Amino acid sequence: MVTMVTAMHMSDGLVNAPTSLVFGAVAVVGLVLCLVRARADLDERTAPMAGLVTAFVFAVQMINFPILPGASGHLLGGALVAILVGPWVGTVCIAIVLLVQALLFADGGLTALGTNITNMALIGVFTGYGVALLLRRFARRSRGGLVATAFVAAFVNTVVASLGFVLEYAIGGSGGASLGTVFVLMVGLHALIGIGEGVITAATVGAVAAVRPDLVYLLRGTATPLVRKSAPSTPTTGGAA
Amino acid sequence: MNRRRGFLLGFLVVALLVAGGLSYVASSSPDGLDTVALHGCQVTGTGSGEQLDGTCIAQNAGEHATAHSPLAGYSVLGGEGTVGIAGVVGVLVTLALAGGLFWLLRRRTPTRSAERGDD
């Protein structure tokens, strides 16, 4: 039994202490900003949803799916949370997942929390949100458009988040592999993982939009999000995506 | 049960089923980052963990500061077949932390949902 198989995020020691410190500061500043901005997106309706989305991301991150013989991937969740609860709340969601994983499950180093939060929370969420915003008109037109947007945003967030590690390794990597090798392997593997991330994100967003389109952040502001809801108790039409 | 509660409860049940059940069939191969970190090394399982022969990034990884947590490695006290229990605990802890924080941060001004008569 190899103990490392259940570790999913950066361990301590993969980058040097100054680099860990710098990205720790980036993570703190980014999170404080997100917490301040998150307030505007949280009310009695969206706060419980955001809590559940966080718990859901924790659960799904446990499910490693095979991508190549001997290699697996798991959800990062950036686009998923960005589309469902918005980028500010979403970044906090992912950071909480990473905190729980590091403190309780010994997954992801404590000194690596800054780099992990920078990559998966800040970079992952805002990349996913950026792509979703670019495709928003398309996403708001139909549930198919929303699901396709979720897939693309999730794929891109996975690959770009993996570049975060490449950047950190370039700045202060502790060695063991050349930067070129790290770049090619990270991007190549995360392009494959991104397909899985896209499928999970598309399925989840599609399912939420099928029953509660009013809880999908990306659809906010549309008068009748995807399906017409004349009264809150009226069952919505259509099945899961 | 109103629709809102029904949806949220359903969402929680899905998360619990994923963490408590689906986790048993998750791949045990290293993930993308670990695959890169282990590139160049031969991994040999030993009684106390693993041995890395060759040159790879993972050789620089230190022992985890919370490696002795009762839930370390998504198991309960290292027990075989406890990943589902660890997962359920993780989901509930995450929900409590995140839900609590977001509930405290929420705007208290009347909103559309309050007018709509949701709880």
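Lettering follows sequence order; numbering is per chain, from 1. These numbers come from a predicted model, not from an experiment.
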Sort out for me which of [options] touches chain B most, counting heavy-atom pairs under 4.5 Å.
| options | result |
| --- | --- |
| Ile67(A), Val97(A), Val92(A) | Val92(A) |
| Ser162(A), Gly70(A), Pro69(A), Ala112(A) | Gly70(A) |
| Leu104(A), Asp41(A), Ile96(A), Val100(A) | Leu104(A) |

Exercise. Spell out the residues in residues 186-194 of chain A that have some non-hydrogen atom less than 4.5 Å away from a non-hydrogen atom of chain B, in order of number; otherwise answer 'none'.
Key: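 At a heavy-atom separation under 4.5 Å, chain B is reached by Met186(A), Leu189(A), His190(A), Ile193(A).
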
Quiz item: For chain B, which residues of residues 47-61 of chain A have at least one non-hydrogen atom nearer than 4.5 Å to it?
Solution: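 Expected list: Ala47(A), Pro48(A), Met49(A), Ala50(A), Gly51(A), Leu52(A), Val53(A), Thr54(A), Ala55(A), Phe56(A), Phe58(A), Ala59(A), Val60(A).
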
Quiz item: Should we say atom CZ of Phe183(A) is surrounded by more than 12 heavy atoms from elsewhere, each under 6.0 Å from it?
Solution: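 Open: at most 12 neighbouring heavy atoms sit under 6.0 Å from CZ of Phe183(A).
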
Donor-acceptor pair, [X] side chain versus [Y] backbone, under 3.5 Å?
| X | Y | result |
| --- | --- | --- |
| Asp12(A) | Thr111(A) | yes |
| Asn116(A) | Leu113(A) | no |
| Arg212(A) | Ala210(A) | no |
| Glu197(A) | Leu76(A) | yes |
| Tyr169(A) | Ala177(A) | yes |
| Arg45(A) | Asp214(A) | yes |
| Asn60(B) | Gly175(A) | yes |
| Arg106(B) | Trp103(B) | yes |

Check whether any side-chain heavy atom of [X] sits under 4.5 Å from a side-chain heavy atom of [Y], and report yes or no.
| X | Y | answer |
| --- | --- | --- |
| Val182(A) | His39(B) | no |
| Leu215(A) | Val85(A) | no |
| Asp53(B) | Cys41(B) | no |
| Leu35(A) | Leu105(B) | yes |

Quiz item: Any residues in residues 81-89 of chain B near chain A, with a heavy-atom distance under 4.5 Å, and which are they?
Solution: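 Interface residues of residues 81-89 of chain B: Val83(B), Ala86(B), Gly87(B).
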
Self-check item: Contacts of type side chain to side chain contact (heavy atoms under 4.5 Å, CB included), residue Ala67(B), not counting sequence neighbours
Solution: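 If we apply the side chain to side chain contact (heavy atoms under 4.5 Å, CB included) test to Ala67(B), skipping adjacent residues, the hits are Glu63(B), His64(B).
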
Quiz prompt | Portion of Leu99(A) that has a non-hydrogen atom of chain B nearer than 4.5 angstrom | solution =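 Neither part, no heavy atoms under 4.5 Å.
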
Quiz prompt | Thr181(A) portion near chain B, given a 4.5 angstrom heavy-atom threshold | solution =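 Side chain of Thr181(A) only, per the 4.5 Å heavy-atom cut-off to chain B.
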
Quiz item: Step by step, would you call Leu80(A) with Ile200(A) a side-chain contact (heavy atoms from CB on, under 4.5 Å)?
Solution: CA-CA 9 Å; Leu80(A) 177 70; Ile200(A) 296 169; 5.6 Å; no

Exercise. Please step through side-chain contact (heavy atoms from CB on, under 4.5 Å) for the pair Ile171(A) and Val15(A), ending with a clear verdict.
Key: CA-CA 8 Å; Ile171(A) 294 172; Val15(A) 296; over 6 Å; no

What residue, out of [options], has the most heavy-atom pairs lying under 4.5 Å from chain A?
| options | result |
| --- | --- |
| Ala65(B), Gly90(B), Gly54(B), Ser75(B) | Gly90(B) |
| Thr35(B), Val36(B), Leu97(B), Leu104(B) | Val36(B) |
| Gly20(B), Gly10(B), Gly99(B), Ala19(B) | Ala19(B) |
| Leu92(B), Val91(B), Thr55(B), Leu12(B) | Val91(B) |
| Leu16(B), Thr66(B), Val25(B), Leu17(B) | Thr66(B) |

Self-check item: Pair Phe23(A)-Leu167(A), side-chain contact (heavy atoms from CB on, under 4.5 Å): steps then yes or no
Solution: CA-CA 11 Å; Phe23(A) 284 97; Leu167(A) 173 72; 4.2 Å; yes

Exercise. With side-chain contact (heavy atoms from CB on, under 4.5 Å) as the test, would you mind laying out the steps for Val89(A) and Tyr217(A) before giving the verdict?
Key: CA-CA 10 Å; Val89(A) 175; Tyr217(A) 184 92; over 6 Å; no

